[in-house]
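The next block holds one structure in the form of C-alpha cells; read it before the comments.
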Number of protein chains: 2
Amino acid sequence: MHSGGVASRSADQRDVRESRRDPRESRNGNPPLDAVSLAIIEQLQEDGRRPYAAIGKAVGLSEAAVRQRVQKLLDQGVMQIVAVTDPLTVGFRRQAMVGITVEGDAEEVADALTDMPEVEYVVMTAGSFDVLAEIVCEDDDHLLEVINKRIRALPSVRSTESFVYLKLKKQTYMWGTR
Amino acid sequence: MHSGGVASRSADQRDVRESRRDPRESRNGNPPLDAVSLAIIEQLQEDGRRPYAAIGKAVGLSEAAVRQRVQKLLDQGVMQIVAVTDPLTVGFRRQAMVGITVEGDAEEVADALTDMPEVEYVVMTAGSFDVLAEIVCEDDDHLLEVINKRIRALPSVRSTESFVYLKLKKQTYMWGTR
DNA sequence: GAGCCGATCTACGGAATCCGCAAGTATCAG
DNA sequence: CTGATACTTGCGGATTCCGTAGATCGGCTC
C-alpha cells in the first residue's frame with residue numbers, strides 16, 4: 001500500500017493565512033480529505049451497506065465516482081467497513097483497558113502492543129499514561145497472561161494499570177453526523 | 001429497541017453436558033448467540049459489505065437465512081455495520097479518554113455520559129476509575145467545555161482524569177478471527 | 001499556447017446481488 | 001395434535017455492483 005501518495009493537493013489552498021483555520025487538515029501523514037469524501041464517510045457511518053447510488057445522490061456524485069472513492073478510502077486505510085459488536089454481549093471474552101507508562105520511546109511500546117492479537121485498540125496519549133491499550137481475552141487467565149507476562153515484559157514499560165470492563169454502555173461511530 | 005428478545009433457541013442442543021464448555025454464554029442480558037451467528041459476525045467483521053451468498057457459503061446457510069439473521073442481529077442491536085475511521089486522520093477534532101471516579105451510582109453517571117453527543121464510547125470498569133469515556137471534540141475549547149462544564153458538573157462525579165489522544169496506533173474489530 | 005499525463009468524473013451494459021414471497025420441512029413447546 | 005420458530009428451496013423483478021470506455025480538468029514540460 002501507500003503506493004502513490006503523490007499529488008493530493010488539497011482543495012481551497014488559497015487561504016493559507018486564513019484567520020480561522022480550516023477544520024480539516026492532514027494531521028497524520030495521510031491525505032487531507034475533501035468535503036465530498038467526508039460526506040461519503042458520514043453516509044457509511046450511518047449504514048455501512050448503503051448502496052453507492054444512494055450515497056451518490058446524497059453527496060452529489062455519480063454512482064461510479066462514489067464507488068471509486070470508497071475503494072480508495074478503503075485501500076488507503078483511511079476507513080474500514082466492518083461489523084462491530086460488544087464482545088461482552090456476544091458472550092465470551094474478558095476485556096480491559098490498560099494504561100501504561102513508558103521510560104523510553106513510547107511509540108516503540110505502542111508498536112509492540114500493536115503486534116499482539118489480543119490488543120484491539122492502541123492510542124498514545126498525554127497525561128499520566130503514555131499509552132492506552134484495550135485488550136480482549138478469552139478469560140481471566142488469558143488476560144492475566146497478556147498483562148503480566150507480555151506487556152509488563154516489554155523493556156521500556158515502567159508501569160501498568162488495568163481497568164477490567166464491567167459493562168459497555170455506549171459505542172458510536174457517528175462523529176460528523178450530529 | 002429490545003422489543004422481542006424472545007425465543008432464540010440455539011442449535012446443537014444435544015451436547016448440553018459436553019465436557020469443554022461452550023465458549024459462548026449470555027453475559028449481558030442479551031440473547032445468547034449460537035455458533036452460526038458468531039460465524040456470520042466474523043464474516044462481517046472481515047468485510048462489512050460481503051454478499052449474503054458468500055457468507056452463507058462460509059457458514060453453511062442459505063442466502064435467505066443469512067439475510068434474515070443479519071437483519072435480526074441489526075434490529076436487536078447486537079451488531080452494527082458501519083464505517084470506522086481515525087478522527088485524527090480524517091482531520092478535525094480533538095480526542096481524549098476520560099477516567100471518572102463516582103461517589104454514588106456509577107451507572108447513572110454512565111447513562112448521563114451516554115446522552116452526550118460528544119461521547120463516543122462509555123464503559124464501566126473495575127479499578128481506580130469507575131467509568132471510562134472517550135470524547136471526540138471540535139477543538140480544545142470544546143473539549144475543555146465538555147470535561148469541565150458538563151462531566152464534572154454531574155452530581156455524583158468525584159473526580160476526572162483526562163488523557164488527550166496524540167496518535168491512534170491500532171484499531172481492529174477482528175476478535176474471534178485469529 | 002500546444003501537447004501530454006494523471007486523476008477524476010460520467011455513461012453504459014452485463015453480471016451479480018438484493019429482497020420479498022410462497023411452499024414445504026423439521027424441531028420444539030404446550 | 002397444534003402452533004410457533006427457523007431453515008431451505010425456488011422464483012422473479014428491481015436494484016446494485018463492477019469493469020470499461022470516453023469526457024473533463026488541472027498541472028506540467030517544452
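Reminder, nothing fancy here: chain letters follow the sequence lines and each chain counts from 1. Just so it is clear, the structure is predicted and the values come from calculations on it, not from any experiment.
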So, is A/Arg49 near the phosphate of C/dC18, with a side-chain N or O under 4.0 Å from OP1 or OP2? yes
If I take atom CD in residue A/Gln71 and atom C1' in nucleotide C/dA7, what distance separates them, rounded to the nearest angstrom? 16 Å
Axial cation check for A/Tyr52 ring with B/Arg49, 6.0 Å and 45° limits: yes
To the nearest Å, how far apart are A/Asp75 CG and C/dT8 P? 12 Å
For atom CD1 of B/Ile40 and atom P of D/dA6, their distance in whole Å: 13 Å
Partner residues of B/Lys170 under the salt bridge (Lys or Arg N to Asp or Glu O under 4.0 Å) criterion, sequence neighbours left out: none
Rounded to whole Å, the CG-P distance (A/Leu44 to D/dT16) equals 14 Å
Quick one: does B/Gln80's side chain have a donor or acceptor within less than 3.5 Å of a partner on A/Gln171's backbone? yes
Distance, rounded to the nearest Å, where B/Tyr52 contributes OH and D/dC17 contributes C1': 14 Å
Of C/dT8, D/dA6, D/dC17, the nucleotide closest to the side chain of B/Lys72 is D/dA6
Hey, does the side chain of B/Thr101 reach the backbone of B/Ser159 with a donor-acceptor pair shorter than 3.5 angstrom? yes
Per-nt protein contacts along nucleotides 9-14 of chain C (heavy atom under 4.0 Å; B base, S backbone sugar-phosphate only, - none) come out as BBB---
For the student: nearest non-hydrogen atoms of A/Thr125 and A/Val131, plus distance: OG1-N, 4.1 Å
Let me know the distance between CZ of B/Arg50 and P of D/dC18, rounded to the nearest Å. 13 Å
Cationic N near anionic O, under 4.0 Å, A/Lys57 to A/Glu63: no
Parallel, tilted or perpendicular, as decided by the 30° and 60° cut-offs, for the rings of B/Phe163 and A/Phe129: parallel
Under-4.0 Å salt bridge between A/Arg69 and A/Asp34: yes
Does the pair B/Arg94/B/Asp140 count as a salt bridge with the N-to-O cut at 4.0 Å? yes
If each end axis of the helix from C/dG1-D/dC30 to C/dG30-D/dC1 is fitted on five C1' pair positions, the angle between them, to 10 degrees, is 40°
